[in-house]
Amino acid sequence: MKIMSLNGWGGKLHEDLVAYVKTACPDVLCLQEVTYSPTSTSEWLVYRDGDHILPQRANFFRDIADALPDHAAIFCPAAQGALWDDQRPVPSQWGLATFVHRSLPIVSQAQGFVHKTFSPDSFGDHPRSRNAHVVRVYDFDRRRYLCVAHMHGLRDPEGKHDSLERRQQARRLTELVSRVVEPEDGLIVCGDFNVEPDSETFTILADLGLFELVTTRGFQSTRTSHYVKPGRFADYMLINKKLTVLDFSVVSDPEVSDHCPLVLTI
């Protein structure tokens with residue numbers, strides 16, 4: 001079984017990302033930075049935040065759902081704000097999406113906020129609302145339950161250092177996972193955490209019996225050449241001891257975002 005976590009960057013590298021996802025075809029895809037603009041008639045819109053201007057797929061969620069037609073697609077919005085079609089604002093939702101192959105029935109799930117709450121009128125001030133999603137599936141081939149959770153951690157303009165907000169974020173994620181996971185389940189927690197490798201986030205998540213794969217397996221970065229700022233880590237994947245790792249990789253080629261896909265095979 002293959003589980004992938006990826007910050008999709010709003011679909012900026014749309015063609016390469018869709019082609020990669022189709023080829024890789026993970027059983028579970030945990031996707032962050034997902035846009036969904038139901039009223040848009042344009043394929044591309046623009047995100048504007050001061051000097052930060054970024055092209056975005058108007059319906060990135062729909063794009064990936066179309067690329068994975070054999071998967072159940074779940075969108076978890078964190079906020080609704082404006083993307084721009086030239087000078088016209090377009091209401092657009094932004095958040096997480098989880099795609100689960102239909103051979104793996106979802107028997108339980110939970111979504112909730114790890115920082116703030118849903119922002120209906122704008123994307124909000126930084127650090128903005130952030131959410132998480134947890135699914136529990138049944139694997140018929142191995143006759144076991146598997147719980148997969150992901151979040152997009154808050155972005156602090158001052159950096160990825162530990163803070164009260166990040167401590168609360170990790171605890172809220174732990175509480176959300178605890179609502180779904182059962183003692184004998186295999187557990188995977190992943191996503192763009194926006195923290196450094198030595199963050200206390202991992203100490204808090206260790207209460208779930210989790211250990212981290214990216215740094216413990218010697219990977220030196222989860223960023224691609226499209227990310228030019230200092231700091232090479234943002235994305236992580238953690239598992240519990242119920243699972244056996246057959247393969248784990250931080251995929252640097254092809255580049256489909258400013259983040260690398262994390263791909264676990266169990």
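The first residue of the sequence shown is numbered 1, and numbering continues consecutively from there.
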**Message:** Quick check against the 3.5 Å criterion: does K241 have a side-chain atom that pairs as donor or acceptor with the backbone of L210?
**Reply:** no
**Prompt:** If every non-hydrogen atom of P69 is compared with every non-hydrogen atom of R102, which pair is closest and at what distance?
**Reply:** O-NE, 3.8 Å
**Request:** Without swapping roles, check the side chain of S163 against the backbone of R166 for a donor-acceptor pair under 3.5 Å.
**Result:** yes
**Asked** Can you name the nearest heavy-atom pair linking L6 to V256, along with the distance?
**Response** CD2-CG2, 4.1 Å
**Request:** Return yes if a side-chain donor-acceptor contact under 3.5 Å exists between S103 and H101, otherwise no.
**Result:** yes
**Prompt:** Is it the case that more than 12 heavy atoms not belonging to E43 sit under 6.0 Å from its CD atom?
**Reply:** no
**Request:** Would you please say whether a donor-acceptor pair under 3.5 Å links the side chains of D85 and S42?
**Result:** yes
**Asked** Cut-off 3.5 Å, side chains only: do T215 and E212 have a donor facing an acceptor?
**Response** yes
**Request:** State, to 0.1 Å, how close H259 and A234 come at their nearest heavy-atom pair, and which atoms those are.
**Result:** CE1-CB, 4.0 Å
**Prompt:** Roughly how far apart are L17 CG and E255 CD, rounded to 0.5 Å?
**Reply:** 12.0 Å
**Request:** State plainly whether the residues R128 and D49 are in salt-bridge range, i.e. N to O under 4.0 Å.
**Result:** yes
**Request:** Say whether, by atom type as modelled, one donor and one acceptor occur between the side chain of S119 and the main chain of A79 under 3.5 angstrom.
**Result:** no
**Request:** For the pair Y138 and F140, name the ring-plane relationship: parallel under 30°, tilted 30 to 60°, perpendicular over 60°.
**Result:** perpendicular
**Item:** Cationic tip of R223 above Y227 ring, under 6.0 Å, 45° of axis
**Value:** yes
**Prompt:** Is it true that D185 and R136 have a side-chain N and a carboxylate O under 4.0 angstrom from each other?
**Reply:** yes
**Item:** Positive for side-chain hydrogen bond (donor to acceptor under 3.5 Å, both in side chains) with H152, one of R130, H133, Q32, H115
**Value:** R130
**Message:** Can you confirm whether more than 12 heavy atoms, excluding those of E15, are under 6.0 Å from its CD atom?
**Reply:** no
**Asked** Between CG of L205 and OG of S199, what distance do you get to the nearest 0.5 Å?
**Response** 8.5 Å
**Request:** Report the C-alpha distance between L29 and V21 in whole Å, list the side-chain angles of each, state the deciding distance to 0.1 Å, and finish with yes or no for side chain to side chain contact (heavy atoms under 4.5 Å, CB included).
**Result:** CA-CA 9 Å; L29 170 61; V21 166; 4.2 Å; yes
**Prompt:** Do you know which two heavy atoms are closest between C76 and N131, and how far apart they sit?
**Reply:** O-ND2, 2.9 Å
**Request:** Please work out whether the ring planes of F75 and F61 are parallel, tilted or perpendicular, with thresholds of 30° and 60°.
**Result:** tilted
**Fill in**
Output for pair (F193 CZ, H150 NE2), nearest 0.5 Å, gives 10.5 Å
**Asked** Does the distance from a Lys or Arg side-chain N to an Asp or Glu carboxylate O, for R57 and D63, drop under 4.0 Å?
**Response** yes
**Prompt:** Under 3.5 Å, is there a donor-acceptor pair between the side chain of D139 and the main chain of D141?
**Reply:** yes
**Request:** Would you check if there is a donor-acceptor pair between the side chains of D258 and T224 at a distance under 3.5 Å?
**Result:** no
**Asked** Does a side chain donor of either T265 or D247 reach within less than 3.5 Å of an acceptor in the other side chain?
**Response** no
**Message:** For H14 and W44, take the angle between the two ring planes, folded into 0 to 90°, and tell me which bin it lands in: parallel under 30, tilted 30 to 60, perpendicular over 60.
**Reply:** perpendicular
**Least distance between heavy atoms, S129 atom then F113 atom** = CB-CE2, 4.1 Å
**Request:** Give a yes or no on whether the backbone of S37 and the side-chain of S92 come within a donor-acceptor separation of less than 3.5 Å.
**Result:** no
**Prompt:** V245 and L264: side chain to side chain contact (heavy atoms under 4.5 Å, CB included), yes or no, with the steps?
**Reply:** CA-CA 7 Å; V245 177; L264 171 67; 3.9 Å; yes
